[in-house]
Structure formats: structure tokens, C-alpha cells
Chemist: 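Take a look at the following structure, please.
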Number of protein chains: 2
Amino acid sequence: MDSFSVPEVVVLRLPLYVRALSQLRDGGTDVVSSQQLGSLLQMTPAQIRKDLSYFGRFGKQGRGYNVRFLLHELREILGLDREWRACLIGVGRLGHAIINYPGFSPEGFKIVAAFDGDSDQVGTSIGGFKVRPMEDLAEVVNEMKISIGIVAVPASQAQEVIEKLIENKVKGILNYAPVAPQVPMNTVIRNIDPVLSLQSMTFYLR
Amino acid sequence: MDSFSVPEVVVLRLPLYVRALSQLRDGGTDVVSSQQLGSLLQMTPAQIRKDLSYFGRFGKQGRGYNVRFLLHELREILGLDREWRACLIGVGRLGHAIINYPGFSPEGFKIVAAFDGDSDQVGTSIGGFKVRPMEDLAEVVNEMKISIGIVAVPASQAQEVIEKLIENKVKGILNYAPVAPQVPMNTVIRNIDPVLSLQSMTFYLR
DNA sequence: ATAACTTTGTGAATGTAATCACTACTTAAA
DNA sequence: TTTAAGTAGTGATTACATTCACAAAGTTAT
Ligand SMILES: NC(=O)c1ccc[n+]([C@@H]2O[C@H](COP(=O)([O-])OP(=O)(O)OC[C@H]3O[C@@H](n4cnc5c(N)ncnc54)[C@H](O)[C@@H]3O)[C@@H](O)[C@H]2O)c1
Ligand SMILES: NC(=O)c1ccc[n+]([C@@H]2O[C@H](COP(=O)([O-])OP(=O)(O)OC[C@H]3O[C@@H](n4cnc5c(N)ncnc54)[C@H](O)[C@@H]3O)[C@@H](O)[C@H]2O)c1
């Protein structure tokens, strides 16, 4: 069951299942069928069953899936049964919003340090953190065992910052800058880019 | 050449080409080969050529693509040769960040109105706009010819707000709330969800 | 007990997307 | 002018993803 034997599209869907199952659990549902889950997520029951079958047999014929059990299994599969420490690079407008966003922490993603290249920013306090200079990156990432970097610097600086993160063994990058960064194979990058989303949307709106 | 005869994955990639071509143009490059574009975007030249071939023949054998010409054609294909008017629903922390984000406007996406359900917010001024009450949505969307709705309300309110937008003939939705909204076939929705991105990333980091 | 339903898990079949590989053409150098 | 190198466009091929469809197993009602 190594990572490469599972299609990436399947991995991308697992978090959707996790979210739906969390909601069902919070709503008091104990058991759910692939049919119900499918109508909730607008996908076919067969696809859900096939996706899950890459990882094991979690359901019961004639009945469905135990919500809490399946949720627990999926969280384990995705590595969500532990805490992930992240650092933020760039504490401008977006950086502020990210640090103050309460949505990461309950899911186990903790921002534990913030950096900025501007000496006017360094030393200021944001959301409980002292902003640190980029020179401290190596030391802090290493000491705090940070494995994810969140990049919120201007587009022109993004590639450089990302390379610095990778040099320091950060293996996961969440990039908000509107660029297509070049990263080595063993680095996992995810881009958040609302403009790209809008630009593909308009094709269907014309 | 109707929308449905083009694979959606292809449409999702076109904005990447648009961005890369814009950068090349700004950098003074006149001509680019699928090879070069491919190494810039980390994809195979064949895929780029195949993608473009759905829409026409834009290149010259032995030479490559004229950057400005291809850029113009792609912008036209995507419907980016016009201005798109959008409204924002929910002017909390994220809403503020979105309204003040300078990245939409240069790409032709103009936020022209902001709404909020909280009477304390209504009437306040943000980024040059008076925040309007939800009751005005129908009238304003119609009069200002708004075709895109940007949703930045709490998750619990998102489905309801999205339905209200759709009732008023808004056909494109950019949703920031962490939910999987149900929308009719003729509505185009794009979700921005950094937590989902992180949750699929960790699968590869474990 | 039995019968009528329900639902999973999964090979097989179908559908979709990416890549290959070649022709036709362009450019630039010899 | 001729030759060598480079590139687009595209059918054919290969690889990948989704859906189908059904046996096996569990559930509910009588
Ligand atoms: N994806 C999104 O939703 C979204 C939304 C808004 C902004 N953005 C993007 O996020 C980025 C930041 O936007 P913003 O509005 O916060 O910009 P900003 O100018 O307000 O902030 C950028 C910060 O990065 C710092 N910085 C610059 N170069 C640096 C470097 N080399 N190393 C470390 N820090 C550096 C600056 O000092 C500044 O504090 C931009 O690329 C913008 O396009 C993305
Ligand atoms: N995708 C992202 O990057 C990202 C980042 C931050 C926040 N979020 C999400 O965006 C949403 C907003 O986050 P926030 O931090 O700005 O929250 P917030 O509470 O600061 O703001 C929400 C705003 O929506 C308004 N609102 C509530 N119900 C409404 C309704 N029915 N109609 C109209 N307006 C209504 C509220 O009055 C408030 O002004 C949340 O769902 C949050 O999870 C997403």
C-alpha cells in the first residue's frame, strides 16, 4: 500500500470523504451507505466504493459504513492522526489573514512560526507570534520540526522562498503566490489560486 | 467547438498557459516552442500541443508560437477579452482580504458590490463600497449585470447564500467556505479550500 | 425460517486522457 | 541551393479512471 500505487485523484478525494463523514458524525449519523455519501458529495456510489477499496474493506454488506470507524481509518490513511507543524512566510495582508484563520488548527495544522524578509515587519507581533527574520529559517524549521511551509510573498519572490524552504528539508508547500513553482519530485506542492479558478470558470459562462 | 466537446482538464490548464505567456511577453519573448513552455510549466510538449489543437492551429512548424498572438487567442477562448463583474457575499475577515486583493482587477474580474447579512456590517464602507443588505441582492445583481458571486460566509450559511445567488441568475460561484455545495448543472462552481489541499498533501508526507 | 431487500467489494468493460511517433513544414547554416 | 536541425499538428497507441454489474453477505419483515 505505498503512496504510488494509489491514483492521485483518489487521494485528492479522500479529504472530501473525511469532511462529509465529520459532518455526518456531528449530525448524529452512525452508519452511511456509499449511496448516501454519493448524493451528499454529488458522485457515484461506485466511485466511492472503488476509492475506499484501495485501502481496505471498511463497510458491511447490506448495511453500509460505520461513520466513526471509516472516519478514523481515513484520517489515519491521510496522516491526519497527528499534528502537522507549519511556518508562514510573508506576513503582509494575506499572511495576516492566514495566521488569524481559525480553520487550520482544528484539523491538526498548527502554524508555529512566521517569517518575513522586510526588516520593518520583523519583530512585530501577529496573532501571538513574533515575526522572525529569514536568516532564522534554517534554525527554527529544524528545531521546531516544521514540515510544511505556507508561502504568502509576492509572486516575484515565491520561487526563491520556496527553494529556501526545500533546502531546509521542508517537504510540503502551500503556495498562495500566482506562479507555477518548480519543485523537485519529492516535494509536495499545492497552489491556492482563485484567479486561475475564475479564468477557467469564464470559459463555461461565455 | 462547443464547451462540452473540450475535456474539462484541458480548460483547467488553459489559464496556466495564459499566465506563462503573459510572463514571457512581459519578459520580451516573441516566440515560444511547446518544448520551452513545457519546461516552464513542468509538462510535456505533446500535451500542450494537443490541448491547443482542440481550439485551432496557432503555431508555425520549425518555429513555435507567437507569444502575443497565442495569448490573445487563449484569452478570447476563455472569455477573458471582456470584463466580468462579481459581487462579494460576506464581509468578515476573509471578505475584507478579498475586496482589498489587487490581483483580480488586472485580470478583468471586478468586484462591484458587497453584501452582508449582519445589520451591523450593512452600511459600513469597505474598500470603497457601501456594504449592502441581502435584501438588495436581487435588484443589484440584475441592475449591475453581475455574473459571478464570491462567497465568504460561514460554512453553515454557504449553501443558502449560494442558492440565493443562483435564484438571481448568477451562473458562476467562487466559494471559500469549507463545504461541498450542491448546485444545478448549468452553474459553474469553484471551491477555494486550503485545508483540503493540506489534507491530501499529508498523505505523501507521512 | 423464509423471502424480499439492501449494500459492499471487485473483476470486467467502457470511457477518457496522456503520450508516442511520424509527416509536413520552417529556419538557418554550409 | 542543399542539408541538417527544429517544431507543429495529429492519428494511433498506451495508460489511466470511471462505471457496470453481479456474487456474497447482511438486514428486515412476516
Ligand atoms: N491565493 C490567494 O487567495 C491570494 C490572495 C491574496 C494575495 N495572494 C498572493 O499572496 C502574496 C502576498 O499577498 P499580500 O497581499 O499579502 O502582499 P503584501 O505585499 O501585503 O505582503 C507580502 C509580504 O511578503 C514579504 N516578503 C517579500 N519578499 C520576501 C522574501 N523574499 N522573503 C520573505 N518575505 C518577503 C513582504 O515584506 C510582505 O510583508 C502575493 O503573491 C499575492 O498575489 C494570494
Ligand atoms: N478558503 C479560504 O482560504 C478561507 C480562508 C479564511 C476563511 N475561509 C472561510 O470563509 C468564510 C468566512 O470566513 P471569515 O473568517 O471571513 O468569517 P467571519 O465570521 O469573519 O465573516 C463572515 C461574514 O459573513 C456574514 N454572514 C453570515 N451569514 C450570512 C448570510 N446568511 N448572508 C450574508 N452574510 C452572512 C457575517 O455577517 C460576517 O460578516 C468561512 O466559511 C471560513 O471558513 C476560507
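Here the structure is a predicted model, which is why all the values come from computation and not from measurement.
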Chemist: Round to the nearest Å and state the distance from B:Arg63 atom CZ to D:dA8 atom P.
Modeler: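 One finds 11 Å between P of D:dA8 and CZ of B:Arg63, rounded.
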Chemist: Could you state the atom-to-atom distance from CD1 of B:Ile48 to C1' of C:dT19 in whole Å?
Modeler: 13 Å
Chemist: Please enumerate all residues that pass side-chain hydrogen bond (donor to acceptor under 3.5 Å, both in side chains) together with B:Asn66, with sequence neighbours excluded.
Modeler: none
Chemist: Tell me which donor-acceptor pairs under 3.5 Å the side chains of residues 36-47 of chain B have, and how far apart each pair is, sequence neighbours excluded?
Modeler:
residue : atom : partner : partner atom : Å
B:Gln36 : OE1  : B:Ser33 : N            : 2.8
B:Gln36 : OE1  : B:Ser33 : OG           : 3.4
B:Ser39 : OG   : B:Gln36 : O            : 3.2
B:Thr44 : OG1  : B:Gln47 : N            : 3.3

Chemist: C:dT27 C1' sits how many Å from B:Lys60 NZ, rounded?
Modeler: 10 Å
Chemist: In residues 96-105 of chain B, what donor-acceptor pairs under 3.5 Å come from side-chain atoms, sequence neighbours left out?
Modeler:
residue  : atom : partner  : partner atom : Å
B:His96  : ND1  : B:Val91  : O            : 3.1
B:His96  : ND1  : B:Gly92  : O            : 2.9
B:Asn100 : ND2  : B:His96  : O            : 3.0
B:Ser105 : OG   : B:Lys110 : NZ           : 3.0

Chemist: Is it the case that C:dT8 (base atoms only) and A:Gln61 (side chain only) share a donor and an acceptor within less than 3.5 Å, ignoring hydrogens and angles?
Modeler: yes
Chemist: Between A:Leu70 (CG) and C:dT7 (P), how many Å, whole number?
Modeler: 16 Å
Chemist: If only side-chain N and O atoms of A:Tyr65 are considered, is one of them under 4.0 Å from the OP1 or OP2 phosphate oxygen of C:dG9?
Modeler: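 For A:Tyr65, the contact criterion (side-chain N or O under 4.0 Å from OP1 or OP2 of C:dG9) is met.
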Chemist: Can you tell me which nucleotide in C:dT8, D:dA8, D:dT27 comes closest to the side chain of A:Ser34?
Modeler: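 For the A:Ser34 side chain, the nearest candidate turns out to be C:dT8.
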Chemist: Within the 4.0 Å limit for protein heavy atoms, which parts of nucleotides 10-19 of chain D are touched? Write it as a string from 5' to 3', B for base, S for sugar-phosphate only, - for none.
Modeler: BBB----SSB
Chemist: Looking only at side chains, do B:Gln159 and B:Gln182 share a donor and an acceptor under 3.5 Å apart?
Modeler: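 There is no such pair between these side chains.
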Chemist: Rounded off to whole Å, could you give me the CD-to-C1' distance for the B:Gln35 and D:dG6 pair?
Modeler: 10 Å
Chemist: For a quick test of your reading: what N or O donor-acceptor pairs under 3.5 Å do the side chains of residues 11-22 of chain B make, sequence neighbours left out?
Modeler:
residue : atom : partner  : partner atom : Å
B:Arg13 : NE   : B:Asp51  : OD2          : 2.7
B:Arg13 : NH2  : B:Asp51  : OD1          : 3.0
B:Arg13 : NH2  : B:Asp51  : OD2          : 3.3
B:Tyr17 : OH   : B:Asp51  : OD2          : 2.6
B:Arg19 : NH1  : A:Asp193 : OD2          : 2.5
B:Arg19 : NH2  : A:Asp193 : OD1          : 3.3
B:Arg19 : NH2  : A:Asp193 : OD2          : 3.2
B:Ser22 : OG   : B:Val18  : O            : 2.8

Chemist: Give the rounded distance in Å between these two atoms: CG of B:Leu52 and C1' of D:dG9.
Modeler: 10 Å
Chemist: Report the residues that fulfil side chain to side chain contact (heavy atoms under 4.5 Å, CB included) with B:Val122, sequence neighbours left out, ordered by chain and then residue number.
Modeler: B:Pro133
Chemist: Expressed as a whole number of angstroms, how long is the span from B:Phe55:CZ to D:dA8:C1'?
Modeler: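 One finds 17 Å between C1' of D:dA8 and CZ of B:Phe55, rounded.
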